[in-house]
There are 2 protein chains.
Amino acid sequence: MELWLHDKVEGQACDVKVLQVLHYEKSDFQEIAVVLTESYGKALVLNGAIQVTEKDEVFYHEMLVHVPMFTHPSPKRVLIIGGGDGGTAREVLKHPGVEKVTMVEIDKRVVEICKEFFPKISCALEDPRLEILYEDGVKYVKETKEKFDVALVDSTDPYDFAELLFSRDFFLSVSCILGEDGVCCSQTENPYIMGNVIRRVQGYLSELFKYHTLYWTVVPTYPGGLWTFSMGSKRVDPMNFRKDTAVETKIYSPHLHRAVLNFTLYEEV
Amino acid sequence: MELWLHDKVEGQACDVKVLQVLHYEKSDFQEIAVVLTESYGKALVLNGAIQVTEKDEVFYHEMLVHVPMFTHPSPKRVLIIGGGDGGTAREVLKHPGVEKVTMVEIDKRVVEICKEFFPKISCALEDPRLEILYEDGVKYVKETKEKFDVALVDSTDPYDFAELLFSRDFFLSVSCILGEDGVCCSQTENPYIMGNVIRRVQGYLSELFKYHTLYWTVVPTYPGGLWTFSMGSKRVDPMNFRKDTAVETKIYSPHLHRAVLNFTLYEEV
């Protein structure tokens, strides 16, 4: 018997061969599974969609985090919406100037399961600079009195409860809780199969921020592999980013930062 | 009815939704199809595996071609093994110093079909500097008396007649027909599902060339999206490449060249 995970988004799917299902449950919010894949190590699967795998997670987490973090001149207070696996927090906390990270994850079970099955990804979740709030990110950004330097939206696909994380209201709230050098960044899917998501989010960011940029990375276990992030910056041109060799990375580099910014090929689609 | 193309390589597959089959035939060498996909425009499919699509072909062709072409100090004579769709030749011929390109494609029907269905990819196939030989690439490199500056191996997956394009004998022949600044580059699959191919080819290149490098790109319609190229260079360090703004590209840039070189993550797999 062969087991394959079939992760389908619009006109494309990614199939990964599964050797073993290590965990399965239905939480209050979603179906959560941990599977052992043949080629990518363990994978976290939410509602049938791979979120992270052990082997390829750096392509996603390093690029979601370091492009906005190095764009901000001095990020001290960082907000993460979602990010339950801990990979985003781990990369943020590599930046020595960071004083406080607030992570707003709707589903406590995701965090608990990742602590158990993905120690290398979730390793920073016990950092004293990190506070985890188990609540709805949309509600949080609307109501909080806190201010942040950088806001990172590390969400699932724009369906169900994650849909509002791609709305104009949400990005408006985010821009209001950011300081004057504020930078925000959100994953915005594969450009060829979800170009409409990108166009919508880029539209909101262009209203709310001086600079709005699309950049790309590769995530081999997401449908289409090519993945995008949409970034808004209030005052600093993302091309004028800081270079800081104190932050150790495997994929991110100042060269990659420059090379992937201002991705426009999707506009031809 | 929904039609999906299921392109499977080891522990991963890429499924693309197909709207229409535009062409289908069995040539002397393989099954050739042209399909219209929902998200990537038209796609050339050989033996069930997507080779190129209209929307994402630049990620593959620009990176296969420009990294080695800018590594060589002055490429005038270029050899392409495979490359029947014409995309590789198109990128090579953008370099103003190129005097002659020899393309050795085993299957004439691939070239004919691409001329008919993919005019933007095959547009350089009539260039007077290009000669197309319809023969076996392995045999050609073993027997030719010609000398080349750059050799590009634009092959299908390492099965059937393409298998020998990943052999030690083949790379030995290639190194013998290259000049003293010679550079060769071959596609070497997805690092997480075909890491053995990379390790083997990197081994051959390390014997035969002063510099051997692995670098990556993304091809959204290949299984795993993340794709690698293995490059050997006889005298020039690939990090000391030329920058030439006369060559217009959509993805390739000196920054991307630097960022993707010396990819080592696969070694941990």
Side-chain angles (χ1 to χ4, degrees), chain A residues 2-19 37-41 50 53-59 62 190-195 216-227 239 250-266 268-269, chain B residues 2-19 37-41 50 53-59 62 190-195 216-227 239 250-266 268-269:
Chain A
E2 284 196 357
L3 280 182
W4 286 78
L5 181 73
H6 178 69
D7 181 0
K8 175 182 155 184
V9 183
E10 307 289 334
Q12 189 162 20
C14 172
D15 294 357
V16 176
K17 196 169 173 183
V18 169
L19 302 177
T37 69
E38 183 175 271
S39 307
Y40 293 94
I50 290 182
T53 80
E54 291 178 304
K55 298 275 167 77
D56 72 351
E57 54 101 5
V58 294
F59 288 95
E62 289 193 3
N190 173 304
Y192 297 119
I193 51 183
M194 302 275 263
W216 60 271
T217 188
V218 51
V219 187
T221 49
Y222 288 179
L226 178 66
W227 217 252
M239 275 295 189
K250 290 181 171 179
I251 290 298
Y252 176 88
S253 68
H255 288 293
L256 193 55
H257 185 127
R258 279 186 187 282
V260 298
L261 275 185
N262 298 316
F263 179 61
T264 54
L265 272 183
Y266 81 101
E268 299 168 17
V269 176
Chain B
E2 283 196 359
L3 279 182
W4 286 77
L5 180 73
H6 178 69
D7 181 1
K8 174 181 156 184
V9 183
E10 308 288 335
Q12 189 162 21
C14 171
D15 295 357
V16 176
K17 195 168 174 184
V18 169
L19 302 177
T37 69
E38 184 175 89
S39 306
Y40 294 93
I50 290 182
T53 80
E54 292 177 305
K55 298 274 165 76
D56 72 353
E57 53 102 6
V58 294
F59 288 96
E62 289 193 3
N190 174 304
Y192 297 118
I193 51 183
M194 302 276 262
W216 61 271
T217 188
V218 52
V219 187
T221 50
Y222 288 179
L226 178 66
W227 217 252
M239 275 295 190
K250 289 180 171 179
I251 290 298
Y252 176 88
S253 68
H255 288 292
L256 192 55
H257 185 127
R258 281 188 186 280
V260 299
L261 275 184
N262 299 317
F263 178 59
T264 55
L265 272 183
Y266 81 102
E268 300 168 17
V269 177

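Because only heavy atoms are used, hydrogens play no part in the values below, and waters and symmetry mates are left out as well, while side chains stay in. Naming: A, B, ... by sequence-line order, numbering from 1 per chain.
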Scored by heavy-atom pairs under 4.5 Å with chain A, the best of B:A13, B:A259, B:P223, B:G225 is B:A13
Honestly, the part of B:V18 sitting under 4.5 Å from a heavy atom of chain A is neither
- request: Test B:Q12 against B:Y192 for side chain to side chain donor-acceptor pair (under 3.5 Å), laying out the working first.
  value: CA-CA 10 Å; B:Q12 189 162 21; B:Y192 297 118; over 6 Å; no
query: Does the A:D15 side chain pair with the main chain of B:C14, one donor and one acceptor, at a distance under 3.5 Å?
result: no
Cut-off 4.5 Å, heavy atoms of chain A, and the answer for B:F59 is side chain
Any side-chain heavy-atom pair of B:Y222 and B:N190 under 4.5 Å: no
Counting heavy-atom pairs under 4.5 angstrom with chain B, the leader among A:L5, A:V58, A:T37, A:I251 is A:I251
Whatever's closer than 4.5 Å to a heavy atom in chain A on B:W227 counts as neither
Bottom line for B:H6: the part with an atom under 4.5 Å from chain A's heavy atoms is side chain
Keeping A:D7 on the side-chain end and A:I50 on the backbone end, is there a donor-acceptor pair under 3.5 Å? yes
Honestly, the part of B:E54 sitting under 4.5 Å from a heavy atom of chain A is neither
Query - Close side-chain approach of A:P191 to A:L265, heavy-atom, < 4.5 Å - result: no
Do the side chains of A:K250 and A:E62 get close enough for a salt bridge, i.e. N-O under 4.0 angstrom?
no
For A:Y40 and A:P220 the tightest heavy-atom approach is OH-CB, 3.5 Å
Max heavy-atom pairs within cutoff under 4.5 Å with chain B, candidates A:T217, A:I193, A:V219, goes to A:I193
Ranking A:E10, A:E38, A:H255, A:K8 by heavy-atom pairs under 4.5 Å to chain B gives rank one to A:H255
Interatomic distance, CD@B:E57 vs OG1@B:T221, rounded to 0.5 Å, equals 10.5 Å
Under 4.5 Å to a heavy atom of chain A? For B:F263 that would be side chain
Residue from B:G224, B:P254, B:S253, B:G195 scoring the most non-hydrogen pairs under 4.5 Å with chain A is B:G224
